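Data first, discussion second: the structure below is written as structure tokens.
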Amino acid sequence: QVQVVESGGGLVQTGGSLRLSCAASGNTFSLGVSSWYRQAPGKQREWIATIGSDSRTTYVDAVKGRFTSSRDGAKNTVYLQMNNLKPDDTAVYYCKMQDFGGIWEYWGQGTQVTVSS
């Protein structure tokens with residue numbers, strides 16, 4: 001049984017930083033591709049970043065140069081470092097973690113990020 005625990009959200013001022021973490025636990029889970037999404041109030045959920053098993057990353061234009069995703073395969077953990085935060089970044093952030101075989105995917109519970117102006 002795989003469980004994903006997401007943490008690191010909070011309230012910051014414009015220009016501040018946060019680091020989100022998602023850790024998967026399970027007897028047979030090995031980390032494959034992971035992605036980050038966010039959903040702002042009244043808006044659809046949007047994809048913001050993906051990191052592959054080779055640590056290659058892609059980002060939506062709105063966060064390029066400010067957000068950085070990384071991974072620790074030994075810990076089955078992915079991170080999203082968010083710098084120079086803006087009020088438009090305010091949203092609930094979710095991670096999606098796939099197993100190495102690409103068969104299963106698991107979602108974090110979401111964490112609130114609020115950026116005040």
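What's counted below: heavy atoms across the whole structure, side chains too, no hydrogens, waters or symmetry copies. Nothing here was measured: the structure is a model prediction, and the numbers come from that model.
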Can you confirm whether [X] sits close enough to [Y] that some side-chain heavy atom of one is under 4.5 Å from a side-chain heavy atom of the other?
X: Leu20; Y: Met82; value: yes
X: Thr90; Y: Val113; value: no
X: Glu6; Y: Tyr93; value: yes
X: Arg71; Y: Ser55; value: yes

Where is the tightest heavy-atom contact between [X] and [Y], given as atom of each residue plus distance?
X: Thr77; Y: Lys75; value: OG1-O, 2.9 Å
X: Ile48; Y: Leu80; value: CD1-CD2, 3.9 Å
X: Thr57; Y: Ser69; value: CG2-O, 3.7 Å
X: Val2; Y: Ala24; value: CG1-CB, 4.4 Å
X: Val4; Y: Met97; value: CG1-SD, 3.7 Å
X: Val33; Y: Gly52; value: CG2-CA, 4.2 Å

Applying salt bridge (charged side-chain N to carboxylate O under 4.0 Å, His left out) as the test, list every pair that has at least one member in residues 11-34; sequence neighbours left out.
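Checked against salt bridge (charged side-chain N to carboxylate O under 4.0 Å, His left out) - neighbours excluded - no pair reaches residues 11-34.
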Disulfide bond (SG atoms under 2.5 Å apart): pairs with one or both residues in residues 28-81, sequence neighbours excluded:
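Counting only pairs at least two positions apart or across chains, no disulfide bond (SG atoms under 2.5 Å apart) contact touches residues 28-81.
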Residue pairs meeting disulfide bond (SG atoms under 2.5 Å apart), one or both in residues 11-95, sequence neighbours left out, come to Cys22-Cys95
Taking atom [atom1] of [X] and atom [atom2] of [Y], what is their separation to the nearest 0.5 Å?
X: Gln13; Y: Ser116; atom1: CD; atom2: OG; value: 5.0 Å
X: Asn76; Y: Ser25; atom1: CG; atom2: OG; value: 8.5 Å
X: Leu31; Y: Ser53; atom1: CG; atom2: OG; value: 8.5 Å
X: Glu105; Y: Lys96; atom1: CD; atom2: NZ; value: 4.5 Å
X: Asp72; Y: Ser21; atom1: CG; atom2: OG; value: 10.5 Å

Tell me, please, which residues at least two apart from [X] pass side chain to side chain contact (heavy atoms under 4.5 Å, CB included).
X: Asn83; result: Ser17, Gln81
X: Thr14; result: Pro87, Val115, Ser117
X: Asn84; result: Arg66
X: Val92; result: Tyr94, Gln112

So side-chain hydrogen bond (donor to acceptor under 3.5 Å, both in side chains) across residues 41-50, not counting sequence neighbours, yields Ser35-Thr50, Arg38-Glu46, Trp47-Thr50
Under the salt bridge (charged side-chain N to carboxylate O under 4.0 Å, His left out) rule, collect the residues that match up with Lys64, sequence neighbours excluded.
Asp61
Once side-chain hydrogen bond (donor to acceptor under 3.5 Å, both in side chains) is applied, do any residues pair with Lys86, and if so which ones, sequence neighbours excluded?
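For Lys86, no residue satisfies side-chain hydrogen bond (donor to acceptor under 3.5 Å, both in side chains) once neighbours in sequence are set aside.
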Stepwise side chain to side chain contact (heavy atoms under 4.5 Å, CB included) check, Thr114 with Val12
CA-CA 6 Å; Thr114 302; Val12 298; over 6 Å; no
Qualifying ring pair (Phe, Tyr, Trp, His ring centres under 6.0 Å) pairs with a residue from residues 96-116, counting only residues at least two apart or across chains:
Phe29-Tyr106, Tyr37-Trp107
Pairs flagged by ring pair (Phe, Tyr, Trp, His ring centres under 6.0 Å) wherever residues 54-85 is involved - sequence neighbours left out:
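Every candidate ring pair (Phe, Tyr, Trp, His ring centres under 6.0 Å) pair involving residues 54-85 fails, so no pair, neighbours aside, qualifies.
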